[in-house]
Amino acid sequence: MNYEEIRITLRLPTNLHAWLTTQAKNNQQPLNSEILHRIEGDYRATVADAESP
């Protein structure tokens with residue numbers, strides 16, 4: 001996915017942050033990459049649904 005990077009501040013509930021951190025460690029990637037991976041997956045699914053007849 002080609003894009004310009006934009007920095008944001010993201011506030012998460014403590015339990016969600018802990019879960020994402022665990023998932024990132026399990027997938028051996030930084031927390032930022034884990035969050036992007038999950039958001040991009042949802043984005044692609046939404047775009048695919050919108051494009052299907």
Side-chain angles (χ1 to χ4, degrees):
M1 175 179 271
N2 292 333
Y3 55 89
E4 290 184 37
E5 290 186 358
I6 298 172
R7 286 184 178 249
I8 64 168
T9 300
L10 180 63
R11 292 187 175 111
L12 297 172
T14 304
N15 61 337
L16 180 56
H17 179 265
W19 180 79
L20 284 166
T21 300
T22 300
Q23 296 304 305
K25 287 179 184 177
N26 290 343
N27 293 323
Q28 299 178 341
Q29 62 182 359
L31 179 58
N32 189 73
S33 296
E34 183 70 25
I35 293 169
L36 284 176
H37 171 76
R38 292 174 179 278
I39 293 172
E40 287 173 347
D42 285 350
Y43 172 75
R44 287 187 190 116
T46 301
V47 169
D49 286 347
E51 292 176 348
S52 63

- side-chain contact (heavy atoms from CB on, under 4.5 Å) filter on Asn32, not counting sequence neighbours, yields Leu36
- Here the gap from Leu20 atom CG to Leu16 atom CG, rounded to the nearest 0.5 Å, amounts to 4.5 Å
- Message: Considering only residues two or more places apart or on different chains, which pairs with a residue in residues 5-17 satisfy side-chain hydrogen bond (donor to acceptor under 3.5 Å, both in side chains)?
- Response: none
- Task: State plainly whether one hydrophobic cluster holds both Ile39 and Leu12, where clusters connect Ile, Leu, Val, Met, Phe, Trp and Tyr through side-chain heavy atoms under 4.5 angstrom apart.
- Result: yes
- Side-chain contact, heavy-atom cut-off 4.5 Å: His37 with Asn27? no
